[in-house]
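Working notes, beginning with the structure itself.
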Amino acid sequence: KSKVKIALIIESTVDDKGWGQAMHDAIVAVQNKYGSSMIEYNYSEKMKPVDAGSAARQYASRGFDIIIAHGAQFKNLILELSEDFPKTTFAFGTNADVGPKNVFTYMPMSEETGYINGVIAGMVTKTNIIGIIGPVDAGDSARYNRGFWLGVKSVNPKADIKVAHTGSFADFVKAGELAHTHIKAGADVLTGAAQQATGGLRAVAEYKDKQIWWLGQDTLQLTMPEGFKVIAACSYDYAPVIEAMIDKRQAGVLGGENIPMTFENGGFVFKYNDKVGSVLTSAIRKAADQARADITAKKLKLDWQAIKY
Amino acid sequence: MGHEPIRSLELRGITKRFPGILACDHIDLSVGEHSVRALVGENGAGKTTLMNILMGLYQPDEGRILLNGSEVRFRSPNDAFDHGIGMVHQHFMLVQNMTVAENVALGMKSSHRPFRLDIGAVRKRILEVSERHDLPVNPDALVWQLSVGEQQRVELVKTLCLGARFLILDEPTSALTPQETDELIALLSKMSSELSIVFISHKLHEVKALSDTVSILRRGRIVFEGRTEDQTPADLAALMTGHDVELPRVDSGGAERPVGTGMLSIRELCVKGDRGNLALDGVTLDIAPGEIVGLAGVSGNGQREFAEALNGLRGVDSGSILLDGAQIAGRCAGAVIGEGMGYIPEDRNTEGIVPSFSVRENLVLKDIGGEPWSKAGFLRLGAIADNANDLKERFDIRCPTTDTAAGSLSGGNIQKVILARELARGPKALVAVYPTRGLDMGAEEFIHKQLLARRSEGVAILLISEELEEIMNLSDRIAVIYKGKILKVVPGKDASKRSLGLLMAGVVDE
Amino acid sequence: MNKSGKLAYNAAIVIAAAAAAMGIGAIVLAAVGADIGKAYAVILTEPLKDMIGITEIVVRAVPLSLIALGIAIAFRSGILNIGAEGQMLMGILACSATAIAGAALPKPILVPLAILAGAAGGAVWGGIAGVLRAKLGVNEILSTVMLNYIAAQFYTFLLRGPMMDPEELVTGSGTPQTVRMPRSAWLDRLIPGTRLHTGVFIAIGLAIVVFFLLWRTTAGFRMRAAGAEAKAARYAGVKVERYLVIAMLLSGAFAGMAGAVEILGVHRRAIEGISGGYGFTGIVVALFGGLHPAGIIPASLFFGLLLLGADMTQRLADVPANMVLVLQGAIILAIVSARQFINNPYVQDKLSRALAKLFGRAAPPAPPGSIEACPDPSDSPDPCLAGEPGVSEEETR
Amino acid sequence: MNAGSFVLNILILGVPFSVALLLAALGETINQRAGIFNLGCEGIMAMGAFVAFLPPFFMAGTPQAPFANLIGLVLAIVVGALLGILFALVVVTFRAPQGIAGIGLQMLGWGVAGTLFRHYVGGVTGVAGIAAFPIPGLSRIPVLGQILFNHNPLVYLAFLLVPVFWYVLFKTPWGLKVRAVGTYPRAADSLGIPVARVRYQALALGGAMAGLAGAYLSLAQAKMFADDLIAGRGFIAVALVYFGRWNPVGVMVGALLFSLAQALQLSIQVAGIDFPYEFAVMLPYVLVIVVLALVRKARMVGPTELGKPFDREQRV
Ligand SMILES: Nc1ncnc2c1ncn2[C@@H]1O[C@H](COP(=O)(O)OP(=O)(O)OP(=O)(O)O)[C@@H](O)[C@H]1O
Ligand SMILES: Nc1ncnc2c1ncn2[C@@H]1O[C@H](COP(=O)(O)OP(=O)(O)OP(=O)(O)O)[C@@H](O)[C@H]1O
Ligand SMILES: [Mg+2]
Ligand SMILES: [Mg+2]
C-alpha cells in the first residue's frame, strides 16, 4: 500500500459537535489506524462554496489523492473539478447519485437514526408532545426529522409531534429559544439536527429537575455536560466510508460509486445513555433494539418522503 | 464667580495659520474697561479667528494674551469664561432640539450636580438676566421653534448668564430685522457702562452708533486703529476694502409702467407653511420686465414660503403664478426653472450650492440636463469648464481653481457663485432672498451692481430683504408683507424708513 | 511639501497603518501560538505562487467589485446600502429561474438575458428599500438589514421548495439547490483548469460604465448632487426622491448581477451560501476604493488576495479560519485611521510644522490672507474633487 | 393549548429574548446620541460573550466557581468598554468614516473571539450560566409574575436600566453634554464641553453595554459559547435605535416588539400552523419594517450630527 493524501473541506468546523466533526473524527480515526506515515491529512474549515472551490483546486493541484467536500452544496464543484483532475478521487455527500468515475458519493440514510430515536421519544413522552428543532427543512436533517416522525408514530400514534425550524444551521441562540418555546408548549422530549441542535440541548439542560429529555443526532452529545438529558444518540460513522474509498482507490477504482451509510454497513453508531436512570426502561430499550434490528435486516422500510408536516 | 474685574485686555502679536492660509498675522489689539471696540474687515479678514483665539477655542501659533497686564493662557472656552469673557458667535451656537434652559445649562457648570442637572437654578438665572437687561426669553421653549431674532436674544442671554463681563459679539445683527437691530444696539450701549465689548459687524452705521474705537483688519493684519467718531462710514469702507465703496442706487426715472403687464404676475396666492398654517394669504403682485420690486417685512411673515412657492419648492393651495404668461403655480422646481425663473435662496450654504461639488459643477447645477452642458445625457466637460472660467472672471469669484469644492469658499464667494449661475442663465425673472446677508461692503456693492445691471436688461426681480436701506436703494416699488398678506405697495422713491418700518409692524395708515 | 516629500510621507503613513494592522494580527496569532512570520508570508504571497491562486483571486474580485460598484452608486447618492447580501440572493433567484426557463435559447441571447434578470431581481430588492426611504422615510440602514434576513429565508424557501432540483427529491438527497444551469447560460472559463470566467470582462466593463454614469452623465450628476446635498439638489430642480429610488434600484441591480455572474460563471446552479459575506466585504471594498471605480477594481483584487490568503493560512500555517476576520477587521481599522493623516490638510499642516520645528527650520510662511491650497475635499464624499492643490489666489486672478 | 396560554407563553418567552437586544441597543443609543454610529456593536457583543464565558468555563468545579459568572460579567463590561475606546480612537481621534470602521470592528471582534475560542476552548461548550431568580412574592402574582418576575437577574437589570438611561440622558449634566455633542458639537465646544472626551465616554459606556449584551447571550440565554453566537443581533440592535428614535423607552418598545414577534413566530411554528416556516422566520423582520413605515416621523429628535466627525479647527 502506498501513502494516501486526504483533504477535507467543510462549511462548519471540525469541532462543531455535529456534521463536520463526525467526518473529521472518522478521518483521524482511520489515520490513527493506518499511521500517519500512511495517511497524510489536511482540512479546510468554514469554506463557503466559492472558497471550497479554491481549496479543492489547490489540494488537487498539490497532489492530494482523495478530496472530500463534505456537504451536498459542493456537488457542482466536485463534478466540475473531477473533469479537470481525472486522476484525483473526489467525494461529496450527502448525495445518492452515482457520480463520474473519479467521484464517490455517500449518503447517510439518516431516517434510520431518526426512526430509532423516534421510537424512544414516543415511548418516553408523558405529555404526548414531542418537539423537533430543525435548522432548515432540507438535506439529511429533513430525512432525520421524518424518520423520527415515523418512529414516534410507530409506537405512539397519538403523540403530537411539533416541528419547527430556526432557519439557520448555526444560530445556537435561536435553537435555544425554539427549545424553550417547545417546552412552554408542553413538549417533554426534544430532538434536533445540525450543529445548532447543541443550542437546543443546552436549553433542555436548563430544566434540570424536570422530566424533559433530549434525543441526540450525535453521540458526542452524550459526553457533554448536558449529556445527562440525552437518553440516547445516534451518529454517523464515516470511518467505513473513508476506508472503503482508500481501499477502492488502491485497487484502481477512483470513484463512480455511491456509498450509502446505514446501520447495516456500520455507517451509524447508536448509544444509550446508561446514566439517565429510570426513564430508559427496558421496554424502551427492547423496542429500540428491535427497530434497529429490523432496519438492519431490511425488514423495515422507511418511507420518509411520504411524511408531510 | 469672584474673579477680578477686567480692566484691560491685550492681544500681542497673535498669529494663526490654517493650512495654506495665514488667518491672523501678528495682530495687536487692546480693549479697555467699559468701552466698545469695533472690529471690522472684509469677509475672511480674520476677525472671527482672532476672537476664537481670545476665547480659547483656537490656540495661537504665536503671540500672547495679557489680562490686566499679566499673561494668561486660554486652553478652552472654560478658561475664558472663568475670566469673565463671553462670546456671541457669528453662527448660532444653539442646540436646536434642546430647550433654551438646557442650552444655557450646558455652559453653566454650577448647575451640574453629580447625578442631577439643576435646571431650576438655570431657569432662575435666565429669568434674572432677562429681567435685568430687558431681554425677554422663555426658558422652556425649544430652540428650533424660535425665530431668528429670538435665537439671537437667547445667545446674548446665554452669554450673560455665564457671567460674561467682557463681551465679544461676532456679527450679532446680520440676521436681525431693523427694529431688532436698533433695540440691540440700544441695549448694548446701555450695557457698555458695565461691560467691555468687542463688536464685529459689516454694517458700518452700527459701528458708528455703538463703538468708541474701531480696528480694521485686512487679510489678517490690522491696517487701521482709531476713534470711531473721527471716521465716516465711507472712510471705514475705503479702509476696509482698499478702495472707495459706493452702494449704487436705482434710477427709477419716473417711468410709469402699465399695470398688469407683469413678467411675473401673482394672483391671490395662498400657501401653507410647515405647520399647516396659512403662510401666504391671497398675495397678488405684478413685476414688470426691468423692474425690481422689493419685498420688505420682518422675517417669518411668509417670505420664505413665498420664495419657495414661486420656485416650485412648495405646494400652492390656491391662486396662480404666471411667468411670462406660463402658469407655474404648483409645478415642480425643474419645470419652473425651465420657464426661466432664477432664484437666489436664503440658505446659501446648503441650498444654493452643493458644498462638496466643485465651483464648476455648481455653476451648471440647474441646467445640466440640456445643451450646452450636456448632450444626449452625457456631460460636456469642456463646455462646463469654459463656462466656469468665464464666470469666475466675470463675477470675480475668488477661488484657487474652478475645481475647488464650493463649500470651502467664503460666504461672499459662495454668493457670487450662486449669483453667477442664476444670472448667466438669462432668467426672465429672479427671486433674490437676503442676497447680501453677512457680506462685507465690497461684496454688497458688487451684488447690488449686478442686480441693477439685470434690471436694465429687462429681468423682473423680486428682492426679499430685511435691510431697508438695500430695499430702498434698489427697488422701483416696495411691497410690504405682514402675516402672509401684502399690506401695501409703494413706489420706491416715495418710501421712507419710517413709513416702511410702521408697515412692517402691521400698521396701515390709509 | 514638495511632490517627493508628499509621496514619502504618504508611503510612510500607509506602511505605518499596515504595520499596525499586522501588529494586531500578530498579537492574536501569538495568542494562538501560530508562526507569525509564516502566517503572513502565506497570506500575502502564497496565493500568487500559482495560476490557480491568481485566478482564484480574480474569481473573488469579480463579485466583490460588482457589489462595490453598486454600493458606490448608492453611497454617492446619499444612501447607505448594507443590503447587498439580500439583493445578491434575489438576483441569483431571478437569474437562475430565467436561465432554467430559457434553456432552449441560444447562448448569445440567454446569457445576457439571465444576467439582466439577475439585475432585475436585485433591483427589486434594493428598490424596496429605496421606495421605503423616499416615500415613507424609513431609514435605509434598518430596512436593508431586515431585508437581508427576509431574502435569506425567501431564498431557502424557493431552493428547497418550488425551485428545488427535482432530482434531489427523486434521490432523496434533499439538498436545497436548483438544477444545473443549462450550458447555454454558462459564462465561459478563460483558462483551462481554472475558474477564471468571462465575468471579469463584465466587471471591468461595468466599472467603466459606472464611472461614466456617475461623472459623465446628467443622471449621475443629479444622483451625486442629491446625495451630497439633497436640499440644494431639490432647489436645482432635481427630483431627489426619484433619484434616491433610482440609485437603490441600480445598487441592487449591481448586487443582483454579482449574484448572476457568480452562479453563471462559478457555481452554475443556485445553492446555499453563495452570497456568504460578499455583501459586507463589498461595502468595505467600495469604501476602500474611495467609492470610485478606479479604486474599487484594485481594492477588490486586494481583498480577493486577502480572503484567499487567509483561507490558505489555515492549512499551511495552522491558523484558525477566523483569523481572516481578524485581519480584515484590523486592516480596515488601520487604513481608515491612516486616511486621516493622508487626506487631512490640517493634520498635515500641523505635522509638517512640528517636523520643521524639530529640524530647526522654519516652515515657509504662507502669504498673508492668501489661499495657497484649498481644503482637501477628500473627506467629502467626492474623491474626484481631490485634485492637486490649486495655485495661489494671487496667481489665478 | 388554548389561546390564553398561547399568548401568555409568547409573553413569557419574549421578555427574556429581548434582553440582549435591549442592552446593546441602550448602549448604542448613547453612542448615537453622542453622534457616533457604531456598527461594530456586533463585534463587541461577540467579544463580550466570549470573555464572559471564560471564567465559568475554566472555573467550573473550583471553589471559586460561585463567583465565576460575576467575574465573567465584569470582564465583558471591561472588554466592551475597551473596545468602545478603541473605536473612539479610530472615529473620534482619527475621524475615520464611522460606517466602515464599524464594519471593521465587527469583523475584528468576531474574528478575535472566534480565533481565541477555537484555540483555548475548542468545540461548542456549555456553562452553568446565570440561573433564574424568581423575585420572592412578586413572582407569585398570577400571569404578571410569570411574565415579569420569573427571570434571571440580568433581565431585571436590563429593564431597570431603561429608566436609568432615560434619566441619565435627559436629566443629568452628562446626558445633556452627550445630546449636545451629538446634535451640534460646535455649540457644545463653544461652551467649553470637551467634545472628544464626551464622545470617548459615550463610546466606552456603549461598548460596556454591548459587552454586557454579549455576556447575556453566552451566560444567561444560550449558556454556551460558539463561533458566531451573536448571528446578526448586533445589527438588529443598531436598527432598533433608529426604531426607538434614540429614546431608551422607544428602544425598549422596539426590542420587545421584535422579540415578541420572534416568540410569536416560533410559537406559530410549534403550534403546527401549516405554512412554510421560512415565512414565520421572516416575521419579526417584516414587522419592524412595517411598523417603521407606519409610524409618523417626529421632527427634531435625535442627533443631527450623527456620523460626522468633529474637530474644532476643521470646518468640513
Ligand atoms: N477653521 C478654519 N480652517 C481653515 N481656514 C480657516 C478657518 N477659519 C478661518 N479660516 C481662514 O482664516 C481666514 C480668516 O477667517 P475668519 O473667519 O476669521 O474671517 P472673518 O474676518 O471672520 O470673516 P467674516 O467677515 O466673513 O466673518 C479666512 O481667510 C479663512 O480662510
Ligand atoms: N474648510 C475651510 N478651509 C479653509 N478655508 C475655509 C474653509 N471654509 C471656509 N474657509 C474660508 O474662510 C473664510 C471665511 O469663511 P466664512 O465661512 O467665515 O465666510 P463668511 O463670509 O463669514 O460666510 P458667512 O457670510 O456665511 O458668514 C473664507 O475666506 C473661506 O475661504
Ligand atoms: Mg467671521
Ligand atoms: Mg461671515
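Note that the coordinates shown come from a computational prediction; the quantities given were computed from them, not determined experimentally. To find a chain, count down the sequence lines: A is the first, B the second, and so on, and within it residues start at 1.
Within residues 151-160 of chain B, the residues having any heavy atom closer than 4.5 Å to a heavy atom of chain D are B:Lys158, listed by residue number. Heavy-atom proximity under 4.5 angstrom to chain B picks out D:Phe170, D:Lys171, D:Thr172, D:Pro173, D:Leu176, D:Lys177, D:Arg179 from residues 168-179 of chain D. Residue-level contacts of residues 194-216 of chain D with chain B do not occur; threshold 4.5 Å between heavy atoms.
Among all heavy-atom pairs drawn from B:Pro77 and D:Ser190, the shortest one is CB-O, 3.6 Å. Between D:Glu313 and B:Gln59, the shortest heavy-atom distance links the atoms OE2-N, 4.2 Å. B:Ser76 approaches D:Gly192 most closely through the heavy-atom pair OG-CA, 4.3 Å.
Across B:Met108, B:Lys109, B:Met87, the residue that shares the most heavy-atom pairs under 4.5 angstrom with chain D is B:Lys109. Taking B:Asn78, B:Asp118, B:Asp79, B:Leu57 one by one and counting their heavy-atom pairs under 4.5 Å with chain D, the maximum is reached by B:Leu57. Of all the listed residues (B:Leu94, B:Leu142, B:Asn103, B:Ile119), the one sharing the greatest number of non-hydrogen pairs under 4.5 Å with chain D is B:Leu94.
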* Check against side-chain contact (heavy atoms from CB on, under 4.5 Å), B:Asn97 and D:Thr304 -> CA-CA 9 Å; B:Asn97 60 7; D:Thr304 42; 5.5 Å; no
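Heavy atoms of B:His89 lying under 4.5 Å from chain D belong exclusively to its side chain. B:Met55 does not touch chain D: none of its heavy atoms, backbone or side chain, sits under 4.5 Å away.
Side-chain contact between D:Tyr167 and B:Arg116 is present, with heavy atoms from C-beta onward closer than 4.5 Å. Side-chain contact between B:Met93 and D:Leu191 is absent, with no heavy atoms from C-beta onward closer than 4.5 Å.
Take B:Lys124 and apply the side chain to side chain donor-acceptor pair (under 3.5 Å) test, not counting sequence neighbours, and it matches no residue.
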